[in-house]
Amino acid sequence: MQIRNVAIIAHVDHGKTTLVDQILRQCNVFREGQEIQERVMDSNDLERERGITITSKNFAIMYKDTRINLIDTPGHADFGGEVERVLKMADGVLLLVDAFEGPMPQTRFVLQKAMQLNLKPVVVINKVDRKGARPDEVLDEIFNLFVELEASDEQLEFRGVYAAGRDGWAVGELEDKRENLYPLLDMIIDHVPAPLVQEGPTQMLVAAMDHSDYVGRIGVGRIVRGNLKVKQQVVLMKRDGSQITTVVRQLFVFDNLGKMEVKTVQCGDICAVVGLDGVDIGDTLADALNPEPLDIIDVDDPTLNMSFMPNNSPGYGQEGKYVTSRQVRDRLYKAAERDVALRVEDTASSDTFKVSGRGILHLSILMENMRREGFEFMVGQPQVIYKEINGKKAEPVEILSVDVPNNLSGTVIEFAATRRGEMISMEQREGRTFLEFHIPSRGLIGFRSKMLRATAGEIVMHHRFHQYEYFKGSIPERTNGSIISMGPGKTVAFALDALQDRGVFFVSPGDHLYTGQIIGEYSRDEDLLVNAQKGKQLSNMRASGTDRKMKVAPALRMSLEESMEYLNHDEYLEVTPQSMRMRKSILDEHERKKATKRARLSDGKIE
């Protein structure tokens, strides 16, 4: 039986998961009359809600006596760790590009990784039926991108098809009859090389993890050399150099959307192995008599870190099941085992853990998963990770791509400049402006939410890591102070109405507050303490005029990412299964003033 291992790479929203749905339908993966949900590969709730792929997944289809192992990869640069590990299992990449938008930043990011691994690309120009599609120009842009990424001569001679994934057809030339996706599958079989078969002792790199409540951890990877059999004695070679001798209990290959149990797996195939206690991503499975490790998966370093700690706010433990520092620590280390781009470290404080990742979205997905599982915890302000290069301080710089209407481009350029952004290109097309900046990662914290408000939601922006560069200088922090609750109790509409001219509120009448909770944004650059529980005095005395009519503005509700980006250095975000609240790190006002005074004394600002 022939095998092809192909990773699908594309930018967010270019139609990758929809195309996969159609491939599965046309290869008769679903039985007749079966009810099929849309975007079947986006399997968890977060992926469905946000419409993005977060974790890479394996599945296989049979076409003309060939098993095509397809690996669905995330399109967002924050999940680049997922991409870097699964590309090790592929021999070719299916590059999917929108016929209107052309190659986008995340496309470049993943494609660059594939080029470095010398994988054979095949191209699909998708959505050619879309209004404003320009397939011929996009094909030229893809070729130019390959040249920029220093593709080999063989890679530059890529084959491609035009497709409309939603309608389920692909054609070699635009004039061809539009029937089905078979031209795409034929192209994969003809132009993606079969896996290289190496004889010798078994070697397999564990590139992904699965888990079962019945059998525990399952290692997923590609057999690089030799064959693997059930009941074979193998050595698990860990990343730290240790070795564990074990036996293969069960073997599975991917079959449609599920797995099929087999007795032997041949070289070059992708399989799941049961019976490897303590297996981690990046480990090598080797022959017991001749153990040889494979190269460890090389992953780019994280660029952002945050402090995680158990919740110690006045209402802790009321909404979550897991609230202790041990439970939070165990969950974070468990996440780091499955995500090679995530780093977790203990700190000098026994209940604070430093978690490093690729970006705000990368860390927020971890936090959202934790709160849905019943965890309560707090996080501090996101901090970029600095390095030292040639004795000088260096910081991560990202490439920011922005798509806005022409009349709003000036607003974006002006704001990017205040964040030390440097414009490198500008292009106008059909009433919209496409801008590209080099901007420090620090400058991107809070950039999206600020620009969404300034452009009334018209902005489309993407960013990816570029390189470390020398420190660019200070970037202004949030210019507005916080409105802080003076005491505990329920918010009263009467009090909020009287305070509305002071700023914007994050709470509504009837919300429970505690001392030190941030309940709004002050219109000035200092913090303001308020009594939001003050009710109307119901005495017999009446003013000669009528009572004022209360008109309380709706509360500003921020998403998890917006809340993380909003934090100042002395503030925490409290995350529970039902709520997100911002608070001062020191709740008591007098203690806060003492801490500020001590900090100034230590800095030598007060004599």
Side-chain angles (χ1 to χ4, degrees), residues 77-78 105 303-306 358-361 363-364 380-387 392-428 432-483 503-504 506 518 520-528 556 558-571 573 582:
D78 275 27
T303 56
L304 205 67
N305 67 42
M306 293 182 82
R358 284 284 180 83
I360 291 283
L361 185 63
L363 295 171
S364 74
Q381 184 188 34
Q383 305 283 344
V384 300
I385 299 170
Y386 296 105
K387 282 185 177 178
K392 290 184 185 176
K393 185 179 181 182
E395 63 175 332
V397 171
E398 309 212 11
I399 295 177
L400 170 69
S401 300
V402 175
D403 169 11
V404 285
N406 291 344
N407 60 321
L408 295 170
S409 58
T411 308
V412 178
I413 293 166
E414 187 182 350
F415 188 63
T418 65
R419 298 298 187 98
R420 304 278 174 179
E422 187 185 319
M423 190 166 74
I424 53 173
S425 75
M426 180 176 183
E427 184 189 337
Q428 292 188 330
R432 294 187 76 83
T433 303
F434 297 85
L435 304 161
E436 206 161 87
F437 299 90
H438 282 171
I439 188 167
S441 296
R442 287 179 300 139
L444 283 172
I445 296 173
F447 191 97
R448 183 184 296 274
S449 46
K450 181 97 177 176
M451 285 294 94
L452 280 170
R453 286 192 202 120
T455 62
E458 289 269 10
I459 191 170
V460 179
M461 56 176 277
H462 302 283
H463 56 91
R464 64 183 175 87
F465 176 71
H466 177 47
Q467 63 186 20
Y468 269 84
E469 293 180 11
Y470 293 133
F471 188 68
K472 303 278 184 186
S474 63
I475 290 173
E477 273 201 347
R478 194 178 84 216
T479 50
N480 296 58
S482 301
I483 301 176
V504 180
F506 307 147
I518 296 169
E521 182 179 72
Y522 191 23
S523 51
R524 297 184 185 176
D525 62 354
E526 68 229 31
D527 290 342
L528 174 71
L556 174 64
M558 289 198 275
S559 68
L560 181 56
E561 285 93 1
E562 286 172 332
S563 302
M564 289 160 69
E565 292 178 333
Y566 185 82
L567 294 176
N568 257 345
H569 64 277
D570 63 340
E571 296 168 354
L573 174 64
M582 283 178 283

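- The two atoms that bring I385 and L304 nearest to each other are CD1-N, 3.7 Å, heavy atoms only.
- The six-membered or imidazole ring of F506 lies near that of Y566, with a centre-to-centre distance under 6.0 Å.
- With a 4.5 Å cut-off on side-chain heavy atoms, F437 and M426 do not count as touching.
- Between the CZ atom of R524 and the CD1 atom of I483 there is a distance of 11.5 Å, given to the nearest 0.5 Å.
- The heavy-atom pair separating M582 from S563 by the smallest distance is SD-O, 4.1 Å.
- In terms of heavy atoms, L408 sits closest to V404 at C-CG2, 4.3 Å.
- Closest of all the heavy-atom pairs between R420 and P440 is O-CD, 3.4 Å.
- A side-chain donor from one of H463 and E398 sits under 3.5 Å from a side-chain acceptor of the other.
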message = Run the side-chain hydrogen bond (donor to acceptor under 3.5 Å, both in side chains) test on S482 and E521 for me, step by step, so that the C-alpha distance in whole Å, both residues' side-chain angles and the decisive distance to 0.1 Å come before the verdict.
response = CA-CA 5 Å; S482 301; E521 182 179 72; over 6 Å; no
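- Among all heavy-atom pairs drawn from T303 and R358, the shortest one is OG1-O, 3.3 Å.
- Taking both residues in full, the closest heavy atoms of I445 and R419 are given as O-NH1, 3.0 Å, listed atom of the first, atom of the second, then distance.
- For Q467, the CD atom is densely surrounded, since the number of other residues' heavy atoms within 6.0 Å is greater than 12.
- Aromatic ring centroids of Y386 and Y468 lie 6.0 Å or more apart.
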task = List the steps and the verdict of salt bridge (Lys or Arg N to Asp or Glu O under 4.0 Å) for E395 and K472.
result = CA-CA 8 Å; E395 63 175 332; K472 303 278 184 186; over 6 Å; no
